[in-house]
Q: 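Next up is a structure, given as structure tokens.
For clarity, every value in this text was computed on a predicted model and none was experimentally measured. Each chain gets a letter, A, B and so on, in the order the sequences are listed, and its residues count up from 1.
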Protein chains: 2
Amino acid sequence: MPDPTDLTRNAVDVLPAGRLEEQLAAGRPLRVKLGIDPTTPDIHLGHTVVLEKLREFQLAGHQVVLIVGDFTARVGDPSGRSAQRPLPSPEEIEANAATYQEQAFKVLDRERTEVRFNSEWLRMAPEGLLGLLAQTTVARLIERDDFQKRLAAGAPIAALELLYPLLQGYDSVAVEADVEIGGTDQKFNLLFGRDIQAAYGQPPQSILTMPILVGTDGERKMSKSLGNYVGVTEPAEEMFGKTMRIPDEAMPDYYRLVLGAEPPAGAPPNEAKRALARGVVERFHDAGAATAAEEHFDRLFVERGVPDEVEELGLGPYLDNGGSAVHMPRLLGDAFEISSSEARRLIAQGGVKLDGEPIPAGSLDVAAAELDGRVLQVGKRRFRRLRATPGAD
Amino acid sequence: MPDPTDLTRNAVDVLPAGRLEEQLAAGRPLRVKLGIDPTTPDIHLGHTVVLEKLREFQLAGHQVVLIVGDFTARVGDPSGRSAQRPLPSPEEIEANAATYQEQAFKVLDRERTEVRFNSEWLRMAPEGLLGLLAQTTVARLIERDDFQKRLAAGAPIAALELLYPLLQGYDSVAVEADVEIGGTDQKFNLLFGRDIQAAYGQPPQSILTMPILVGTDGERKMSKSLGNYVGVTEPAEEMFGKTMRIPDEAMPDYYRLVLGAEPPAGAPPNEAKRALARGVVERFHDAGAATAAEEHFDRLFVERGVPDEVEELGLGPYLDNGGSAVHMPRLLGDAFEISSSEARRLIAQGGVKLDGEPIPAGSLDVAAAELDGRVLQVGKRRFRRLRATPGAD
């Protein structure tokens, strides 16, 4: 069994070596920082890996400082990016920032969480920004792996992206962070925060990084934009169904990082996955919702004869130019080796099903988001599980 | 004879090719920008090369916009720098900015000059600065020669220095510049201004660069920090004397770039140099002052028997640790092959002269700035012209 009092459990980096131990040994409640930029409307299971770690610090008596990056969201975190990402509009940021806190409190203890918006201190006079820029060198800002890869590939780095670690680091100064927690992709930013604190005369924070949770596709980082995520506010049935779709190999990580538990030893994969899906729904809804979600799942799949193991089919080749919709006759034709006219006839007759439910007659073009992860069925025994093929990062 | 109506006379770059001609042909008065950062208290002859060019545009009916870079002075222009320069204090910037305008009007026509301080628009809200940074890439910002040299040498580039061309470029947007003029070392910044104007929806300015005036040492760019400058507000006698000290080879450039004239053909170098020195004093004082300055010069040098051609001696090896003072007994010992005690005796007896004037008894340590360019004399016939050996740029 894992030791629930070991705050470094599951962590990847705890730096500098020995520092967190010293801080904990001092006995004073620590200020533990997490920054989240409200670039998407929902917190998903990937975010909860670090939230879960913060909750462990709270249980040990420490103070969490949750920074909603309403200012940094306008700059854009280049971490792990191979190109500058499109920035959300100020209106989107404001709307997302409003919903983020409530979602975070599905994991965090509200009483031991200080919520701050970083526009509070980052909307500084120009002199302040100049002073911040004066604290570092270009070489230090571009040494990070993601930038070096882009420079080597001749891919552009927006000047704005350089600013990100400086601003993020200044957040640590503003809240006087003792510890900062983030995903492993945040390691550069978190370490940079130490430099900025030192430049402003503060003792540098220690940093702790957590593994990145793989998405429901079992391959790439969980991300809204890749469509492979489970949002913490999703309905219980949706959450259960999505969790049931993760590959078996991803299960141990989901157990450890989302539920903070070890996977059950010796259980058949399908049983273990059901227990995981129930656990996830319990975590973000409650036990009753978990039971109801599992019953719903059984109705859909078991009673309708959808097998657990189904051959997969990528949606990529069937997406329209915008990448948002799929032309069903063509997809059905390829998937089941039938003619396009036969496919149209089957749709019209209610002979094509998604997760066991007939698709409405006339559904020739269907949104890709409604297909991803679902089981497409023709007749009684022909199935394909549909998978979105992610576009550019 | 040069054509006084040719506004590109003496220019090094006029870009893009043909653009300035089109602008002039359109007949509308052009807005001609010059930016000067008030990093030192005085405008010197080096600055007047571009001021002189602006005056020519004024004479042709165009509007000069003189931008006092009170904000950009706090960022620091990296142009031609092998290391970040120390930034002046806000108080120094304010004091220098106040005196700059009056000094510029020693060349420019006040009626056709719009003076603007760039803090007016650069003290923008943080969103404005972010928007500006979003206009360019890191590759574009570091492609400039000076940065490439530093990166290759592993020498630091402060993150702050990256900002300079963006801010300087935004000045062109703020004043809607049609043309920008600067030294050849400003070519990158000036061209960058075109990009920024285009990004903000303005027709990009044309640019015109002028040669860099060599200092009185005949070797390096005229610069306050190198001590090889002639300030436009210096007393007439000082101005005359300093001009007389420039090497013969530098004369044609001084004639063309400072006086806007061709050097006299066939005149003996010493005569040509006297005419140049008179011309410089006339330019910044008046004809009477020029005559008086020449008479003073003659009293000092000719009547006191100081020859025009004197062997030079670099001060470098004799500077104290701070680089500001020279220990005279050691310098005299080396220069004239006498003992240190003999040198002390000569000083005590008034037997050591600078530009023909005895140095006071007890002057064992003398400020380097008071020695540079002057003629040191022991006895009647032993002379050395002292030259500061510049330190780091």
Q: Let me know if B:L141 has heavy atoms under 4.5 Å from chain A in its side chain, its backbone, both or neither.
A: side chain

Q: Can you tell me how far the CG atom of A:L160 sits from the OG1 atom of B:T136, to the nearest 0.5 Å?
A: 11.5 Å

Q: Side chain, backbone, both or neither: which part of A:L122 has an atom under 4.5 Å from a heavy atom of chain B?
A: backbone

Q: Which heavy atom of B:P126 sits nearest a heavy atom of A:R123, and at what distance?
A: CG-CA, 3.7 Å

Q: Let me confirm one number: the CD-OG1 distance from B:E161 to A:T137, rounded to the nearest 0.5 Å.
A: 10.0 Å

Q: Please state whether the side chain, the backbone, both or neither of A:L130 comes within less than 4.5 Å of a heavy atom of chain B.
A: both

Q: With a 4.5 angstrom heavy-atom cut-off, could you sort out which part of B:L132 is near chain A: side chain, backbone, both or neither?
A: neither

Q: Pick one of side chain, backbone, both or neither for A:Q135, based on which atoms fall under 4.5 Å of a heavy atom in chain B.
A: neither

Q: Below 4.5 Å from any heavy atom of chain B, which atoms of A:L129 appear? Answer side chain, backbone, both or neither.
A: side chain

Q: Taking atom CD as the centre, does A:E94 end up with more than 12 heavy-atom neighbours from other residues, nucleotides or ligands that are less than 6.0 angstrom away?
A: no

